[in-house]
Amino acid sequence: MQALGLVWRGVDAASADAQEKRSRIPEPIHFGARLLFDTWRRRRAKEGFMVGRDVPSRALASVLRNLILYEPLDGGRDFKIRLAGSALIRRFDCDVTGLKLSEVYDRAHFECRGDAMRGIIANDAPQIHDVKFVARGSTELHFEVMGLPVLSAGGTAVWVLGGLFYYDWTK
């Protein structure tokens, strides 16, 4: 894929030699992830972080392309992707807006991701991971991924706001 002069080689996560190495981290490290996390924490401490009021917003304008919003369906058995910023195209090779989590991942990865999202909602707590896709003996993609519990528009339900932030300056 090529965009804005950058050339990205497709990452085949299903390849036999590809591995996803995921480690949980207590606080975000990436500057964009820190901006999202700090904004979320401040808004949550006041009146809660709510879709439609706090996202989109000027405070998060620089990271909107990195955001993905999940709405739980059928009690959290699946999740609809309500919004997916352009940075997600690099990860999934297509625009995933409007798809269900079960349509984006194979069964094993869907179960893992679904469990994580249900945990974010049930525990009312964020999850932050450092993720590396390793294939052909080298790191093909390195990013930080975050899931935050947020209120739906109107505050009637808890959804998950995700962020995906690439480490393009390191290899």
Side-chain angles (χ1 to χ4, degrees), residues 13 20-92 96-102 104-105 108-133 139 141-170:
E20 178 181 300
K21 297 183 178 185
R22 179 178 283 260
S23 55
R24 194 148 184 189
I25 55 177
E27 293 270 331
I29 298 165
H30 188 283
F31 62 90
R34 284 195 322 258
L35 170 70
L36 174 60
F37 189 70
D38 292 344
T39 303
W40 172 80
R41 193 170 16 201
R42 277 192 308 275
R43 293 299 303 173
R44 187 170 157 94
K46 291 182 181 176
E47 49 198 10
F49 190 102
M50 187 180 297
V51 173
R53 181 190 65 207
D54 300 310
V55 63
S57 70
R58 286 183 188 200
L60 296 175
S62 65
V63 296
L64 288 177
R65 70 183 172 276
N66 303 91
L67 303 184
I68 186 165
L69 183 62
Y70 300 96
E71 174 188 8
L73 301 174
D74 195 21
R77 287 187 178 87
D78 205 346
F79 293 83
K80 181 177 182 177
I81 300 170
R82 299 288 300 231
L83 161 90
S86 60
L88 282 293
I89 293 172
R90 182 173 174 191
R91 168 66 178 88
F92 295 109
V96 294
T97 301
L99 298 178
K100 294 179 188 172
L101 197 65
S102 60
V104 174
Y105 290 106
H109 286 100
F110 165 70
E111 292 299 328
C112 181
R113 300 299 181 268
D115 287 346
M117 301 252 250
R118 285 184 288 276
I120 290 167
I121 292 170
N123 298 322
D124 194 35
Q127 287 189 16
I128 308 163
H129 291 92
D130 181 78
V131 181
K132 292 179 183 176
F133 275 109
T139 300
L141 265 185
H142 183 196
F143 55 89
E144 199 168 294
V145 66
M146 178 180 348
L148 305 168
V150 298
L151 297 171
S152 64
T156 58
V158 178
W159 291 3
V160 176
L161 178 64
L164 184 116
F165 302 91
Y166 296 102
Y167 287 106
D168 286 331
W169 60 86
T170 62

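Residues: numbered from 1 along the sequence shown. This is a predicted model, so every value here is computed, not measured. All heavy atoms count here, side chains included; hydrogens, waters and symmetry mates do not.
With sequence neighbours left out, the side-chain contact (heavy atoms from CB on, under 4.5 Å) criterion links I120 to Q127, P149, V160. Scanning for salt bridge (Lys or Arg N to Asp or Glu O under 4.0 Å) contacts around R42 gives an empty result, with sequence neighbours left out. Applying the side chain to side chain donor-acceptor pair (under 3.5 Å) criterion to R34, with sequence neighbours excluded, gives no partner residue.
Here the closest heavy-atom approach between residue P28 and residue I128 is recorded as CD-CD1, 3.5 Å.
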Are I25 and E144 close enough, and set up right, to give a side chain to side chain contact (heavy atoms under 4.5 Å, CB included), and what steps lead you there?
-> CA-CA 9 Å; I25 55 177; E144 199 168 294; 3.8 Å; yes

Take R43 and V150 through the side chain to side chain contact (heavy atoms under 4.5 Å, CB included) test and state the conclusion after the steps.
-> CA-CA 10 Å; R43 293 299 303 173; V150 298; over 6 Å; no

Are L36 and N66 close enough, and set up right, to give a side chain to side chain contact (heavy atoms under 4.5 Å, CB included), and what steps lead you there?
-> CA-CA 10 Å; L36 174 60; N66 303 91; over 6 Å; no

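Of the candidates L141, I29, V131, Y167 forms a side-chain contact (heavy atoms from CB on, under 4.5 Å) with just one, namely I29. Checking each of L148, L161, L151 against F49 for a side-chain contact (heavy atoms from CB on, under 4.5 Å) leaves exactly one that passes, namely L161.
F92 and Y105 have perpendicular rings, their planes meeting at more than 60° on a 0 to 90° scale where under 30° would count as parallel.
Looking at D78 and K100, no side-chain N of the basic residue comes within less than 4.0 Å of a carboxylate O on the acidic one, giving no salt bridge.
Proximity of the aromatic rings of F79 and F110 is defined here by a centroid distance below 6.0 angstrom, and this criterion is not met.
Cation-pi contact between R90 and Y166: present, with separation from the ring centre below 6.0 Å and deviation from the ring axis of at most 45°.
Under a cut-off of 6.0 angstrom, the local environment of CZ in R41 is crowded, with over 12 non-hydrogen atoms contributed by other residues, nucleotides or ligands.
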